[in-house]
Amino acid sequence: MHTEEKKEEKSLNFLEEIIDKDLRSGKYDQIVTRFPPEPNGYLHIGHASSICLNFGLTKKFPGYTNLRFDDTNPTTEDTEYVESIKNDIRWLGFEWKNELFASDYFDTLYGYAIQLIEKGLAYVEDSSSEEIALLKGTPTEPGKNSPYRDRSIAENLALFAQMKEGVFPDGSKTLRAKIDMAHTNMLMRDPILYRVKHAHHHRTGDAWCIYPMYDFAHGQSDSLETVTHSLCTLEFMPHRELYNWLIEQLGIYPSRQIEFARRNLNYTVTSKRKLLQLVKEGHVTGWDDPRMPTISGLRRRGYTPHSIVDFCDRIGVARRENMIDVGLLEFCIREDLNKLATRRMVVLDPLKVVITNFPEGQTEWLTSENNPEMVDSGDRLVPFTREIFIERDDFMEVPAKKYFRLAPGKMVRLKSAYIIQCDDFVKDENGEVVQVNCSLIENSKSGSDTSGINVKGTLHWVSTTEGLPMEIRLYDRLFAVEDAAGQEGDFKDYLNPHSLQVIEAIGEPALKDAVEGESFQFLRKGYFTKDKDSSPERLVFNRTVTLRDNWAKAGK
RNA sequence: UGGCCGAUGGUGUAAUGGUAACACAGGACAUUUUGGUUGUCUCAUUCAGGGUUCGAGUCCUUGUCGGCCAACCA
């Protein structure tokens with residue numbers, strides 16, 4: 001109750017305001033929205049935002065949301081995509097009321113077309129697409145009427161029936177609405193309603209050889225489903241006039257189209273065409289490559305549904321062009337995983353440390369908490385031995401100012417273990433440090449420290465003998481520039497060549513029980529999730545995101 | 001040269017004619033057995049001109065800048 005009151009206080013976005021007004025005025029008792037993907041690709045973060053909008057609205061207001069596949073172009077669509085889309089929506093945590101397909105309405109749509117012909121509002125066009133384009137004019141010049149525009153109703157009816165029967169080859173005829181070739185809105189210049197396409201459809205098979213265009217399917221489907229508020233992106237704005245015209249001429253349920261600005265994320269692309277290209281040309285390993293902004297890619301990268309929904313919530317919705325900083329997405333996943341992720345120690349770039357006063361061949365099992373943010377998460381045991389690995393950059397021969405890690409003569413705490421002091425180190429012939437010799441401080445064991453020594457730095461570490469080798473995939477942004485799609489030339493020229501770095505690391509043994517998709521915080525390093533490429537013999541982890549790192553930032 | 005839409009800190013989003021705010025990012029300090037987390041503080045905003053009004057980010061107008069529109073794609 002209290003939280004509801006609070007929610008009401010939060011200001012409504014422009015869509016919620018429209019709906020709120022429609023509900024208050026009594027125009028509707030409940031609202032109906034729909035999420036209308038075309039099954040020709042995988043869903044990406046932009047779709048997630050649309051999903052959150054459509055489903056979120058009917059969570060907030062009375063009503064429901066349908067899932068409708070806009071499958072009017074059989075040559076690009078496939079059931080593979082239908083399944084992935086449904087899977088992704090469910091994974092995000094949403095459930096649709098009805099599962100529908102524009103192809104369910106092909107018969108009805110055909111009937112609507114005949115109605116239009118009978119009212120003298122549609123005609124069969126014989127011109128080629130080039131000829132049609134030529135007569136269409138330009139945004140600044142009016143078009144000219146087609147020579148076929150004034151065919152009789154009877155002739156149009158007969159021709160359209162023949163189109164359906166398969167008499168004509170692809171591209172030879174179309175059905176066009178008869179509106180106004182001089183209209184300032186190009187879409188009103190006798191738009192094409194139906195085209196001939198002898199193609200196999202993923203659901204209707206070979207039943208049809210004519211297929212409706214978007215403009216003659218989308219709005220009609222909305223109407224048939226009594227969608228009250230049909231949300232779409234800004235580029236469909238010019239379509240609204242046609243959307244409304246068709247509803248009026250057909251005398252069908254008046255759904256209302258409302259446009260919002262699509263959300264753009266920097267350092268990536270969110271265009272199905274471009275994403276498909278990256279997949280097909282092998283720039284990534286697939287639609288679910290963890291560098292992809294697809295839902296499946298984000299999932300494999302280790303993003304949680306909650307973090308994505310939270311992100312969509314935070315970015316809001318408006319009608320202006322935008323470029324959202326991927327840093328916000330990263331904030332959302334860090335915030336979520338900080339509370340949830342089990343802590344483990346993994347050394348990514350190992351440097352050997354010998355604890356000279358710890359007996360050889362001995363293993364001491366130390367207790368370490370699984371998650372300090374979660375009281376009930378318990379502990380696990382971590383093996384401590386004479387030889388351990390620490391991160392190479394946790395040791396400096398000549399320490400920088402304000403560096404409080406290991407350096408000659410300096411002391412640090414080994415997480416959940418002892419305080420050690422660096423006595424000396426060994427270099428190889430190239431002058432590279434290959435071993436650090438330390439001694440542990442008596443009575444400094446974690447949890448029972450009576451040494452009285454206070455150290456500034458705490459390092460993560462892994463036993464050289466008990467540690468688990470593993471593959472780690474470090475991901476970085478897919479593109480080197482914020483807006484690859486907006487650059488000169490091919491967007492692929494701006495791919496970040498360092499978007500994936502595969503390394504060999506060593507982690508604590510408790511990690512062998514990790515489950516696919518389980519998220520961990522590797523102490524001081526970031527959040528990681530076990531990849532599906534793992535096998536019983538070989539662990540593979542994906543880095544979801546690094547931890548915030550003020551030290552690294554200060555170094556810049 | 002046409003039509004439609006938009007413009008608020010670095011980014012995103014509020015303020016519904018009445019004190020320009022929230023989050024992220026940035027900076028500082030404190031806490032911390034993760035240089036994480038957490039807490040406190042801080043920097044920074046109405047595209048420009050004109051008009052209406054007691055009062056304009058908001059309404060009107062002109063301009064500037066940006067986006068979209070000439071696929072048998074959606």
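Residue numbers start from 1 in every chain, and the chains themselves are labelled A, B, ... in the order their sequence lines are given, proteins ahead of strands.
In summary, the side chains of A/H183 and A/E241 do present a donor paired with an acceptor at a separation below 3.5 Å, with no hydrogens or angles considered. Between A/S103 and A/R203, the side chains place a donor N or O and an acceptor N or O closer than 3.5 Å (distance only, hydrogens not considered). Defined by atom type and a distance below 3.5 Å, a donor-acceptor pair is missing between the side-chain atoms of A/R256 and A/S230. When only modelled atom types and interatomic distance are considered, A/D336 and A/T304 share a side-chain donor-acceptor pair under 3.5 Å.
When each of B/rU34, B/rA74, B/rG2 is scored by its nearest atom to the side-chain atoms of A/L547, the top-ranked nucleotide is B/rU34. The listed nucleotides are B/rA70, B/rC72, B/rU37; the one nearest the side chain of A/M186 is B/rA70. Side-chain proximity of A/P238 to B/rC69, B/rU34, B/rC5: nearest is B/rC69. Comparing B/rG12, B/rG35, B/rA15 against the side chain of A/R524 picks out B/rG35 as the nearest. Residue A/R319 has its side chain nearest to B/rG6 when only B/rC73, B/rG6, B/rC24 are considered. When the nucleotides B/rC73, B/rC24, B/rU1 are ranked by their closest atom to the side chain of A/L328, B/rC24 comes out on top. Taking the side chain of A/I192 as heavy atoms from C-beta on, and the options B/rG12, B/rC72, B/rG35, the nearest nucleotide is B/rC72. Considering only side-chain atoms of A/L523, the nucleotide from B/rU34, B/rC72, B/rG35 that sits closest is B/rU34. When distances run from any side-chain atom of A/K415 to the nucleotides B/rG35, B/rU33, B/rG36, the shortest one goes to B/rU33. Here the side chain of A/H239 is nearest to one of B/rG36, B/rA74, B/rA25, namely B/rA74.
Using a 4.0 Å heavy-atom cutoff across all strands shown, A/T233 reaches no nucleic acid atom at all. Residue contacts for A/N550: at a heavy-atom cut-off of 4.0 Å it reaches the sugar-phosphate backbone alone, with no base atom in range. Contact annotation for A/V317: backbone-only contact, meaning every heavy-atom pair under 4.0 Å involves sugar-phosphate atoms and none involves a base. Heavy atoms of A/F404 sit under 4.0 angstrom from at least one base atom. Across all strands, A/E259 comes closer than 4.0 Å to no nucleic acid atom at all (heavy-atom distances). At the heavy-atom level, A/T75 lies nowhere under 4.0 Å from the strands shown. Base engagement by A/G447 is indicated by at least one non-hydrogen atom pair under 4.0 Å involving a base atom. Among the protein residues, A/E373 comes within range of the nucleic acid bases, having at least one heavy atom under 4.0 Å from a base atom. Residue A/P142 is classed as having no contact, given no heavy-atom separation below 4.0 Å to the nucleic acid. When heavy atoms are screened at a 4.0 angstrom cut-off, A/R314 is found touching the sugar-phosphate backbone but no base atom.
In this structure, A/R548 atom CZ and B/rG36 atom C1' are separated by 9 Å, rounded to whole Å. For A/D325 and B/rU11, the CG to P distance is 10 Å, given to the nearest whole Å. Remark: P of B/rA15 and CZ of A/F14 are 12 Å apart, rounded to the nearest angstrom. The distance from atom CG of A/D180 to atom C1' of B/rA70 is 15 Å, rounded to the nearest whole Å. Distance A/Q257 CD to B/rC4 C1': 13 Å, rounded to the nearest Å. If you take CD of A/E508 and C1' of B/rU34, they are 13 Å apart, rounded to a whole angstrom. Atom P of nucleotide B/rC73 and atom CZ of A/R273 are separated by 15 Å, given to the nearest angstrom. For the pair A/M213 CE and B/rA74 P, the interatomic distance rounds to 5 Å; values are reported in whole Å.
Counting atom types as modelled, A/E141 pairs no side-chain N or O with a base atom of B/rU1 as donor and acceptor under 3.5 Å. The base of B/rU34 sits with one of its N or O atoms less than 3.5 Å from a complementary donor or acceptor on the side chain of A/R343. With hydrogens and angles left out, the side chain of A/S446 and the base of B/rU33 share a donor-acceptor pair within 3.5 Å.
Between the side-chain ring of A/Y214 and the base of B/rA74, no stacking contact exists by the 5.5 Å and 30° definition.
Stacking of A/K173 on the aromatic ring of A/F168 is recorded, both the 6.0 Å distance cut-off and the 45° axial limit being met. Annotation: cation-pi geometry not satisfied between A/K272 and A/Y42 (NZ/CZ under 6.0 angstrom from ring centroid, within 45° of ring axis). Judged by a 6.0 Å distance limit and a 45° cone about the ring axis, A/K274 is positioned over the six-membered ring of A/F491.
Spacing of P atoms, B/rU42 relative to B/rU32, comes out at 24 Å, to the nearest Å. Here the separation of B/rU45 from B/rU52, taken at their P atoms, is 29 Å to the nearest Å. Comparing B/rC5 with B/rG55, their C1' atoms are spaced 30 Å from each other, to the whole Å. Taking atom C1' in both B/rC24 and B/rG49, the straight-line distance is 34 Å, to the nearest Å. Comparing the same atom, C1', in B/rC22 and in B/rG36 gives a spacing of 25 Å after rounding to whole Å. On the C1' atoms, B/rG67 is 40 Å away from B/rA28, given to the nearest whole Å. Comparing the P positions of B/rC47 and B/rA20 gives a spacing of 15 Å, expressed to the nearest Å. Of the C1' atoms belonging to B/rA7 and B/rG63, the separation is 14 Å, rounded to the nearest Å.
Close to B/rA74, at under 4.0 Å from its OP1 or OP2, lies no side-chain N or O of A/R68. Under 4.0 angstrom from either OP1 or OP2 of B/rC73 there lies at least one side-chain N or O belonging to A/R195. Taking side-chain N and O atoms only, A/K197 has no distance below 4.0 Å to OP1 or OP2 of B/rA71. Between A/R320 and B/rU13 there is a side-chain N or O to OP1 or OP2 distance below 4.0 Å. Checking the phosphate oxygens (OP1, OP2) of B/rA74, a side-chain nitrogen or oxygen of A/T72 falls inside 4.0 Å.
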Apply ring-ring contact (aromatic ring centres under 6.0 Å, His included) to A/F216 and A/Y105, showing your working. CA-CA 11 Å; A/F216 201 63; A/Y105 310 130; over 10 Å; no
